[in-house]
Amino acid sequence: MPSPISYLLAALLLLFFFFNFHGSKANFSPSKNCPIYNCTKGPKFHYPFWKIEDSAAAGQYCGYRGFGLSCSSGEPILTLPNNGSFYVRDIDFPEYTITLVDIDVVDQKCPRARHNISVGTLPFHYSPSDVNLSFYFNCSTTSYLPPWPVPPISCLPPSYDSYGGITNQSFVFKEGEEEEGFEFWSEKCAEKVVVTVMKEFTEASIHGNLIDAFRGAMHNGFVLNWSIAMECGSCEASGGLCGYNTTNITKPEFLCFCEHGYTRSSNGLCQKGKCYLKILF
C-alpha cells in the first residue's frame with residue numbers, strides 16, 4: 001500500500017509542474033524521436049502534435065493522443081472526435097493555442113455548417129476569444145402564420161410549397177441571443193447546428209443580425225487552447241516528452257522520451273542528474 005509520503009511526493013511534483021514547468025515546452029528542442037514536422041503548406045509543428053503519416057511508418061509517435069496531424073492534403077489537418085476535419089491555420093506554442101478552420105466551409109461563398117464542434121475528452125479548451133453561433137436550417141412556415149421575426153440567411157434561398165408556405169429558410173444567431181419567441185419558431189426547423197468562431201469576426205454584423213458577418217467568421221475559424229494531458233504530466237515534469245508505441249493498435253504502449261532514450265513504463269520518469277524519481281501509486 002502506498003505510503004503517505006508517496007502521495008505527498010506526487011502532489012508536490014504536480015504542483016511544481018503546473019506552477020513552474022508548464023511554459024517551458026515553448027523552448028522545444030527537436031530530436032530523432034520528437035522532430036519538427038512540416039507539410040507542404042501551413043505552419044510547422046512539433047510536440048505535443050505529431051505527424052500521422054510518419055508515426056504509421058515508425059510504429060510510434062511522440063505527442064499526445066488525439067493530437068496527430070495529417071499532411072495528406074498538403075497542409076496539416078486535425079480530426080476532432082466528432083469526425084470533423086479542420087485545417088490548421090496557426091499554432092502558437094508559447095500561448096498553447098491552435099487555430100482551426102472547418103474543411104467543409106473552405107472556399108464556400110455561403111458556408112453551410114454541417115456538424116457541431118466537439119473536443120470530446122481531449123485536453124483542448126475553447127478560447128475566451130471564441131463565440132458559438134447557432135444555425136437553424138430548413139425552417140418552414142405556412143401561409144396563415146405571420147412571417148419569421150428575423151431575416152433569414154439570404155445566401156441560402158428558400159423554397160415554396162404548393163400552398164404558398166415558405167420552406168427551407170435558414171437563420172443564424174449568437175448562441176443564447178435568439179430573438180424572443182424564437183423557441184416557438186425553431187420547432188419548425190429541421191436541424192440545429194452549433195459552431196464555434198472567433199468573436200472578433202462577428203462584430204461586423206449589420207442591423208443586429210449575422211446574415212452578413214457569419215461567412216467571414218466561419219472562413220477565419222476558431223481558436224482552441226490546449227493543456228497538459230493528464231497521463232503525460234509526470235513524464236514532462238521529469239524533463240521528458242510522452243508518446244506511444246503503436247505496434248499493438250488495440251493497446252498502445254505509453255512511452256516517456258528522455259534525453260538519452262525512453263522509458264516504457266507509464267510510471268517511468270526521466271533521470272535528472274544522478275537522481276531517478278519514480279512515483280508509486
Side-chain angles (χ1 to χ4, degrees), residues 17 21-107 117-130 196-198 219-233 235-237 239-246 252 254-259 262 270:
F17 168 68
F21 180 76
H22 186 267
S24 66
K25 290 302 172 193
N27 302 318
F28 176 78
S29 298
S31 65
K32 178 181 178 180
N33 289 319
C34 305
I36 295 176
Y37 300 104
N38 189 18
C39 300
T40 306
K41 299 182 294 183
K44 295 180 180 180
F45 58 95
H46 57 71
Y47 185 89
F49 301 95
W50 45 279
K51 187 176 178 180
I52 291 175
E53 291 81 1
D54 286 10
S55 70
Q60 67 180 33
Y61 63 84
C62 175
Y64 294 174
R65 281 191 284 195
F67 277 44
L69 305 182
S70 171
C71 291
S72 59
S73 69
E75 59 183 302
I77 294 174
L78 175 68
T79 300
L80 291 176
N82 65 344
N83 295 321
S85 294
F86 301 84
Y87 286 121
V88 178
R89 296 304 194 206
D90 182 65
I91 304 178
D92 189 329
F93 286 96
E95 296 298 324
Y96 289 73
T97 64
I98 182 170
T99 303
L100 304 173
V101 175
D102 192 337
I103 287 179
D104 290 340
V105 307
V106 172
D107 297 328
I117 296 172
S118 170
V119 299
T121 59
L122 297 177
F124 283 119
H125 314 281
Y126 294 104
S127 168
S129 64
D130 292 332
T196 305
V197 298
M198 284 186 272
H219 286 148
N220 281 282
F222 61 100
V223 177
L224 292 178
N225 301 104
W226 75 84
S227 58
I228 307 304
M230 185 177 298
E231 66 271 21
C232 295
C235 171
E236 290 188 5
L241 302 174
C242 75
Y244 291 86
N245 183 321
T246 56
F254 182 90
L255 301 174
C256 184
F257 294 95
C258 305
E259 185 178 358
Y262 57 80
C270 295

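Computed from a predicted structure; not experimentally measured.
Of the possible donor and acceptor atoms, one in the side chain of Thr246 sits under 3.5 Å from a partner among the backbone N and O of Gly59. Of the possible donor and acceptor atoms, none in the side chain of Asp92 sits under 3.5 Å from a partner among the backbone N and O of Thr97. The closest donor-acceptor contact from the side chain of Gln60 to the backbone of Gly243 lies at 3.5 Å or more, if one exists at all. Counting only distance, with no hydrogens or angles, the side chain of Glu75 and the backbone of Cys39 share no donor-acceptor pair below 3.5 Å.
Screening Tyr37, Tyr96, Trp226 for a ring pair (Phe, Tyr, Trp, His ring centres under 6.0 Å) with Phe49, the sole residue that qualifies is Trp226.
Counting all heavy atoms, side chain and backbone alike, Val119 lies closest to Pro81 at O-CG, 3.4 Å. Pairing each heavy atom of Ile228 with each of Glu236, the nearest pair is CD1-OE1, 3.5 Å.
Considering only heavy atoms from C-beta on, Cys270 stays 4.5 Å or farther from Glu259 through its side chain. Annotation: side chain of Pro128 is in contact with side chain of Asn225 (closest heavy-atom distance under 4.5 Å). The closest side-chain heavy-atom distance from Phe67 to Phe124 is below 4.5 Å. Taking the side chain as every heavy atom from C-beta outward, Ser72 and Glu53 approach each other to under 4.5 Å. Two residues are said to be in side-chain contact when any heavy atoms from C-beta on lie closer than 4.5 Å; Val88 and Pro43 meet this criterion. Side-chain contact between Phe257 and Cys235 is absent, with no heavy atoms from C-beta onward closer than 4.5 Å.
Taken to the nearest 0.5 Å, the CG atom of Leu69 stands 10.5 Å off from the NZ atom of Lys51. Rounding to the nearest 0.5 Å gives a distance of 8.5 Å between CG of Leu224 and OG of Ser127. Rounding to the nearest 0.5 Å places CE of Met198 at 7.5 Å from CG of Asp130. Put simply, SG on Cys232 and CG on Leu255 are 10.5 Å apart, with the number rounded to the nearest 0.5 Å. Here the CD1 atom belonging to Ile77 is positioned 11.0 Å from the CG atom belonging to Leu100, to the nearest 0.5 angstrom. Atom CG in Leu122 sits 12.0 Å away from atom OH in Tyr64 (nearest 0.5 Å).
Ring geometry for Phe28 against His46 counts as parallel: the plane angle stays under 30°, on a 0 to 90° scale with 60° as the upper cut. Relative orientation of the Tyr61 and Trp50 rings is parallel, given thresholds of 30° and 60° on the angle between their planes.
Every residue meeting the side chain to side chain contact (heavy atoms under 4.5 Å, CB included) condition with Ile117, not counting sequence neighbours, appears here in chain and number order: Leu80, Phe86, Tyr126, Val195, Thr196, Phe222. Every residue two or more places apart in sequence or in another chain was checked for a side chain to side chain donor-acceptor pair (under 3.5 Å) with Glu95, and none qualifies.
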* Run the side-chain contact (heavy atoms from CB on, under 4.5 Å) check on Phe45 and Cys71 step by step: do they pass? -> CA-CA 11 Å; Phe45 58 95; Cys71 291; 4.3 Å; yes
* Mind running disulfide bond (SG atoms under 2.5 Å apart) on Cys256 and Cys242 for me, showing each step along the way? => CA-CA 4 Å; Cys256 184; Cys242 75; over 6 Å; no
